[in-house]
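Presented below is the structure to which this report refers.
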There are 2 protein chains.
Amino acid sequence: MSRKTISFGSLSPLVGFHLRRASGEFALDFRSAVEGTGMRQVLVGILAVVEANPGINQGAVGKMLGIKRANMVSLINELVERGALERTMTPRDRRSFSLELTVSGKALLAECMTRIAVHEKKLLAGLSDLEQQLLLNLLSRIESPAG
Amino acid sequence: MSRKTISFGSLSPLVGFHLRRASGEFALDFRSAVEGTGMRQVLVGILAVVEANPGINQGAVGKMLGIKRANMVSLINELVERGALERTMTPRDRRSFSLELTVSGKALLAECMTRIAVHEKKLLAGLSDLEQQLLLNLLSRIESPAG
DNA sequence: TATTGTTATACTCTATAACTATA
DNA sequence: TATAGTTATAGAGTATAACAATA
């Protein structure tokens with residue numbers, strides 16, 4: 001179609017470059033997938049981790065997801081204020097709070113996960129089930145923080 | 001080691017989640033890899049694309065890398081001001097500029113690419129050459145913008 | 001002393017809208 | 001009218017330093 005062939009040059013063989021692009025692609029489509037819910041990738045991540053680990057404190061959630069303590073504060077506040085998350089004092093350690101999903105928080109997460117399943121299926125349509133599993137396996141082997 | 005097993009819950013089977021984590025991991029190590037050069041992922045991307053397509057204009061570079069026109073301006077300025085990039089007027093179309101690397105820009109990019117090669121090798125140490133090729137192939141098949 | 005949560009702050013990245021000059 | 005570059009601006013994401021309360 002075009003007269004001149006353009007290329008990515010030395011970026012082409014870099015795994016990091018393709019990770020960045022693919023990740024950006026997913027992030028973009030994620031947005032439209034959860035549009036209207038007021039959710040974002042980080043927030044869904046937090047809800048999912050709290051759901052899987054009821055009673056966890058926000059520092060631990062942050063460590064798992066690679067979010068700094070300081071940045072967790074407003075994120076947790078946001079989720080508490082919209083009634084998705086509940087923060088309760090624990091007598092064991094009065095410095096931290098015990099986090100749990102509210103009923104509406106569970107529904108919200110479920111709604112997001114349903115939409116995300118569709119979004120994933122769409123973006124991975126070009127790969128066979130086996131290839132998708134392989135990709136998951138390869139990706140999980142190059143992650144490290146709390147991996 | 002820990003008394004309680006923590007998990008990522010419903011995030012675990014999501015390719016998007018692992019892409020995000022792996023990509024973040026690479027981005028973090030990229031930073032330390034190019035530390036002292038004053039470069040960042042975007043800037044290296046731009047230099048590499050200009051090197052591979054001399055005379056390209058900044059709008060086209062942005063399209064390839066998924067960067068909005070408005071955001072290209074300061075990035076290109078940054079590279080021109082530090083003497084890595086040269087902007088020349090073209091009589092063909094006086095709205096746009098023709099971009100090329102300067103000698104020092106080529107050296108800068110080469111230096112970055114050398115460091116990035118080490119960084120990639122380190123982060124991909126857990127995968128065989130075949131697996132790395134496979135990963136590249138799978139990733140390239142789930143990218144789309146100007147892919 | 002170390003840890004949990006917090007505030008304040010700053011820089012990068014990303015996104016939109018509106019302007020100019022050229023085509 | 002469409003496009004290339006620009007300006008201004010606002011919202012996220014991410015980073016550091018310093019503080020209070022608790023362990």
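Here is the naming used below: chain letters follow the sequence lines, and residue numbers restart at 1 for every chain.
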Tell me: CG of Asn77(A) to P of dT6(C), nearest whole Å?
-> 6 Å

May I ask you to decide if Gly126(B)'s main-chain N or O and Arg141(A)'s side chain share a donor-acceptor pair within less than 3.5 Å?
-> yes

Heavy-atom nearest nucleotide on DNA chain D taken for Phe97(B) and for Lys68(A); more 5' hit belongs to Phe97(B)

Identify the heavy atoms of Asn53(B) and Ser7(A) that sit nearest to each other, and give their distance.
-> ND2-O, 2.8 Å

Inspect the contact between Arg21(B) and Glu25(B) and indicate whether a charged nitrogen and a carboxylate oxygen are less than 4.0 angstrom apart.
-> no

To the nearest angstrom, how far is Ile67(A) atom CD1 from dT4(C) atom P?
-> 16 Å

Rounded to whole Å, the CZ-C1' distance (Arg87(A) to dT4(C)) equals 12 Å

Are the side chain of Ser104(A) and the backbone N or O of Gly83(A) linked by a donor-acceptor pair below 3.5 Å?
-> yes

Going by heavy atoms in the side chains, are Thr102(B) and Arg82(B) under 4.5 Å from each other?
-> no

Just checking Arg94(B): base, sugar-phosphate only, or nothing, at a heavy-atom cut-off of under 4.0 Å?
-> sugar-phosphate

Leu136(A), Leu135(B): one ILVMFWY side-chain cluster at the under-4.5 Å cut-off?
-> yes

Atom-to-atom span, CD of Gln58(B) to C1' of dT22(C) - whole angstrom = 15 Å

So does Arg115(A) pair up with Glu111(A), basic N to acidic O under 4.0 Å?
-> yes

Under a criterion of less than 4.0 angstrom to any heavy atom of chain A, what are the 5'-terminal and 3'-terminal contacting nucleotides of DNA chain D?
-> dA12(D) to dA23(D)

Across the strands shown, which category fits Leu43(B) at heavy-atom distances under 4.0 angstrom: base, sugar-phosphate, nothing?
-> nothing

Is a donor-acceptor pair below 3.5 Å formed from side chain Arg95(A) to base dT3(C), judging by atom type as modelled?
-> yes

Ile56(A) has an atom CD1; how far is it from atom C1' of dT4(C), in whole Å?
-> 14 Å

Tell me: CE of Met72(A) to C1' of dT6(C), nearest whole Å?
-> 13 Å

Please state how far atom CD in Gln41(B) lies from atom P in dC13(C), giving the value in whole angstrom units.
-> 9 Å

Leu85(B) reachable from Phe8(A) in the ILVMFWY side-chain graph, under 4.5 Å edges | yes

Could you tell me whether the side chain of Ser98(B) and the main chain of Thr90(B) form a donor-acceptor pair under 3.5 Å?
-> no

Name the pairs: protein N/O against N/O of nucleotides 9-12 of chain C, kept only if under 3.5 Å.
none

Can you tell me the distance, in whole Å, between the CG atom of Leu99(A) and the P atom of dT4(C)?
-> 13 Å

